[in-house]
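Notes follow the structure.
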Amino acid sequence: MLDRKFIVEHADAVKQNCRNRGVEADVDRLLELETQRREKLHEVQELNRRANEVSKSIGKAKDAREREERKAEGRRLREAKEAAQAAHDELERQIVAIQACIPNMSHPDAPIGEEADSRELRRGATPVPQFDFPVLDHVELGEALDLIDFEGGARVAGHGFYFLRNEAVLLELALQQFALRQLLDAGFTPVITPDLAYQEILHGVGYIPRGPETQIYSIENSNLSLVATAEIPLGGWQAGQVLDAEDLPIKLCGISHCFRTEAGAAGRASRGLYRVHQFTKVEMFAFTLPDQSEAMHEHFCQLECQLFDALKIPYRVIDTATGDLGGPAYRKYDLEAWMPGRGDGGEFGEVTSASNCTDYQARRLNIRYKRAGERGTRFVHTLNGTAVAISRALIAIFENYQQADGSIVVPEVLQPWVGKQRIETRAATAAN
RNA sequence: GGAGAGGUGGCUGAGUGGUCGAAAGCGCCGGUUUGCUAAAUCGGUGUACGGGUAACUCCGUACCGCAGGUUCGAAUCCUGUCCUCUCCGCCA
């Protein structure tokens, strides 16, 4: 949510930003309603002030008759105040409805336009591999090597669910360990979060938990939902709190399961593990001072690059165009890994994203900081970034590390946790 | 899941219908005093929104988990709800 005063004072910039992002929001209507609301607020406060005066004077009334007269006066004023309050609240409700639709402002360097206008910033250290044999995709590899069971997953929970088996399980845990180690070295506090969260937390972080197009699974007869990312519980962790400026920045890496309905998504681009209803993710999150967030954003992106360079997976870094940013993001960098089995002859596919949400989430979650010796409080900035989304990382590993004989080499940095250098068919393993 | 207790300012904790934004203590900030430290002493110290000012300042309104209700008036009474704690049960 943007600050209302900011919207009023920078209406033209806000409107232009909505156009850049392809978002419909009636900013002019908001300005009109806000003017009316302020007038009503004055009225409410004035009536209340007079009613308070009358109430205080009742104890000092000379006699019963005067006391009754003042009571009647007080009653009249309170009723008038209630009416004004109701009108004010209705205006407020309408304003918030519009305000909630207005996305965050955008970084001046973020490319303006739609998805196709996003800019490639750089490539990773590992070149795109050339294969001299027919390339398999991760679904074929996963089935041949008994690593993923989609059919079994569908029997148990429907399309979009899967069983990981054998070395895929070891790889999942290895990726978590590997990412965690790197982030610990970078000063992050590791956290395992709740996989469920209250709706108000989801809202604060910027998710819409119920409704026809929701990405979110909700628990019946409760206001809990399954989290779509650890960003939700990590952001919600400090909801309503006032942090000490000296404690910032706070860097967290959270491990959670992620649950997504993926309503309306289907087709070859979402084959196999690419778009699933449940996966595990190691997520970076930070609360920072306003002047720290841009540097933290670069830091997150560097760490993501470091992880994928260490895994020796080819990738490119994308500066996401304004039209493709989520509502809370001020700027977003995506890492897209090369996936040789994707499309015809391979395609890049998103594996991580790092967003600077500035104070947009903090305002909704009401997370502020206070500096010793300074009056008042200000909103913190929040950032989130994927360290490793396991399911998509597995796609990139399987497909880039596949060999002519159908086996998959285990990335060197993961070998200590997987306990082997190569994943072979069960038959080949038994023969060795 | 059952029974009970409770949610008050940065913290501890008083306050059962009016002068309570709220005692006291701690913490924090500033002054004084004392070789330093420690101690003593005095004063100050919440947030949000709105308003007047050139500005430190000042004024108004709201906030005692949250949402309703009663009342001229609610931290205080009533209802609902969420959360926490203790005990019991169940359980990885």
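In what follows, chains are A, B, ... by sequence order, proteins preceding strands, each numbered from 1. The analysis underlying the following values was restricted to heavy atoms, covering all of them including side chains, and did not include hydrogens, waters or symmetry mates.
- Distance CD (Glu68(A)) to C1' (rU71(B)): 13 Å, rounded to an integer number of Å.
- Remark: C1' of rG65(B) and CG of Asn366(A) are 14 Å apart, rounded to the nearest angstrom.
- Pair check for rG25(B) finds rC11(B); Watson-Crick or G-U wobble, both atom distances under 3.5 Å.
- The CZ-C1' distance, from Arg67(A) to rG73(B), rounds to 13 Å in whole Å.
- The partner of rA67(B), taking Watson-Crick or G-U wobble pairs whose two distances both stay under 3.5 Å, is rU79(B).
- Straight-line distance between the C1' atoms of rG10(B) and rU19(B): roughly 28 Å, to the nearest whole Å.
- rA75(B) and rG2(B) have their P atoms separated by 33 Å, given to the nearest Å.
- We find that Arg65(A) and Glu68(A) are not joined by a salt bridge, their nearest charged nitrogen and carboxylate oxygen being 4.0 Å or further apart.
- Put simply, Asn223(A) has no side-chain N or O that comes within less than 4.0 Å of OP1 or OP2 on rC82(B).
- Pairing for rU19(B) is absent, with no Watson-Crick or G-U wobble pair whose two atom distances lie under 3.5 Å.
- rA92(B) makes up no base pair with any nucleotide shown, lacking Watson-Crick or G-U wobble contacts both under 3.5 Å.
- A donor atom on one side chain and an acceptor atom on the other are not found under 3.5 Å apart for Tyr369(A) and Asp247(A).
- For rU32(B), the paired base is rA40(B) (Watson-Crick or G-U wobble, both distances below 3.5 Å).
- Look at OH on Tyr198(A): it is 12 Å from C1' on rC66(B), rounded to the nearest Å.
- Mapping Arg49(A) and Ala72(A) onto RNA chain B via the closest heavy atom, the residue that lands nearer the 5' end is Arg49(A).
- Side-chain contact check for Gln176(A) and Glu172(A): at least one donor-acceptor pair (N or O, by modelled atom type) lies under 3.5 Å.
- Between Ile148(A) and Val139(A) there is no side-chain heavy-atom pair separated by less than 4.5 Å.
- There is a side-chain donor-acceptor pair under 3.5 Å between Thr382(A) and Gln361(A).
- Regarding Gln85(A), its CD atom lies at a distance of 10 Å from the P atom of rC63(B), rounded to whole Å.
- Ring pair Phe285(A)/Phe287(A): centre-to-centre distance below 6.0 Å.
- With both ends at atom C1', the span from rG51(B) to rG44(B) equals 25 Å, rounded to whole Å.
- If you take atom C1' in rU76(B) and the same atom in rC64(B), they sit 10 Å apart, rounded to whole Å.
- rU47(B) and rU8(B) have their C1' atoms separated by 15 Å, given to the nearest Å.
- Following rounding to the nearest Å, Arg78(A) (CZ) and rA62(B) (C1') show an atom-to-atom distance of 12 Å.
- Using a 30° and 60° split on the angle between ring planes, Phe150(A) and Tyr162(A) fall in the tilted class, from 30° to 60°.
- Defined by atom type and a distance below 3.5 Å, a donor-acceptor pair is present between the side-chain atoms of Ser106(A) and Arg21(A).
- Side-chain contact check for Asp12(A) and Gln16(A): no donor-acceptor pair (N or O, by modelled atom type) lies under 3.5 Å.
- With both pairing distances under 3.5 Å, rU61(B) is matched to rA48(B) as a Watson-Crick or G-U wobble pair.
- A salt bridge does not link Arg342(A) with Asp137(A): every distance from a Lys NZ or Arg NE/NH1/NH2 to an Asp or Glu carboxylate oxygen is 4.0 Å or more.
- Only the P atoms considered, rG50(B) is 25 Å distant from rG65(B), to the nearest whole Å.
- The interatomic distance linking Lys81(A) (NZ) with rA62(B) (P) rounds to 7 Å, in whole Å.
- Between Arg76(A) atom CZ and rG73(B) atom P there is a gap of 14 Å when expressed in whole angstrom units.
- Taking the six-membered ring where the residue is Trp, the centroids of Phe259(A) and His277(A) are separated by 6.0 Å or more.
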Close N/O contacts between protein and nucleotides 15-22 of chain B (under 3.5 Å):
residue : atom : partner  : partner atom : Å
rG18(B) : N2   : Ser55(A) : O            : 3.1

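- Across all strands shown, rC87(B) pairs with rG2(B); the Watson-Crick or G-U wobble distances both stay below 3.5 Å.
- Both distances falling under 3.5 Å, in either a Watson-Crick or a G-U wobble arrangement, occur for no nucleotide opposite rC56(B).
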Kindly give the atom pairs (protein nitrogen or oxygen, nucleotide nitrogen or oxygen) under 3.5 Å for nucleotides 44-51 of chain B.
residue : atom : partner   : partner atom : Å
rU47(B) : OP1  : Lys370(A) : NZ           : 3.4
rU47(B) : OP1  : Gly376(A) : N            : 3.4
rU47(B) : O3'  : Arg368(A) : NH1          : 3.3
rU47(B) : O3'  : Thr377(A) : OG1          : 3.4
rU47(B) : O2'  : Arg368(A) : NH1          : 3.2
rA48(B) : OP1  : Thr377(A) : OG1          : 2.8
rG50(B) : OP1  : Arg38(A)  : NH2          : 3.3
rG50(B) : O2'  : His42(A)  : NE2          : 2.9

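- To the nearest whole angstrom, the two P atoms, one in rG46(B) and one in rU53(B), are 25 Å apart.
- Distance check on atom C1': rA92(B) versus rU84(B) gives 24 Å, rounded to whole Å.
- Taking 4.0 angstrom as the limit, Asn48(A) places a side-chain polar atom (N or O) nearer than this to OP1 or OP2 of rA62(B).
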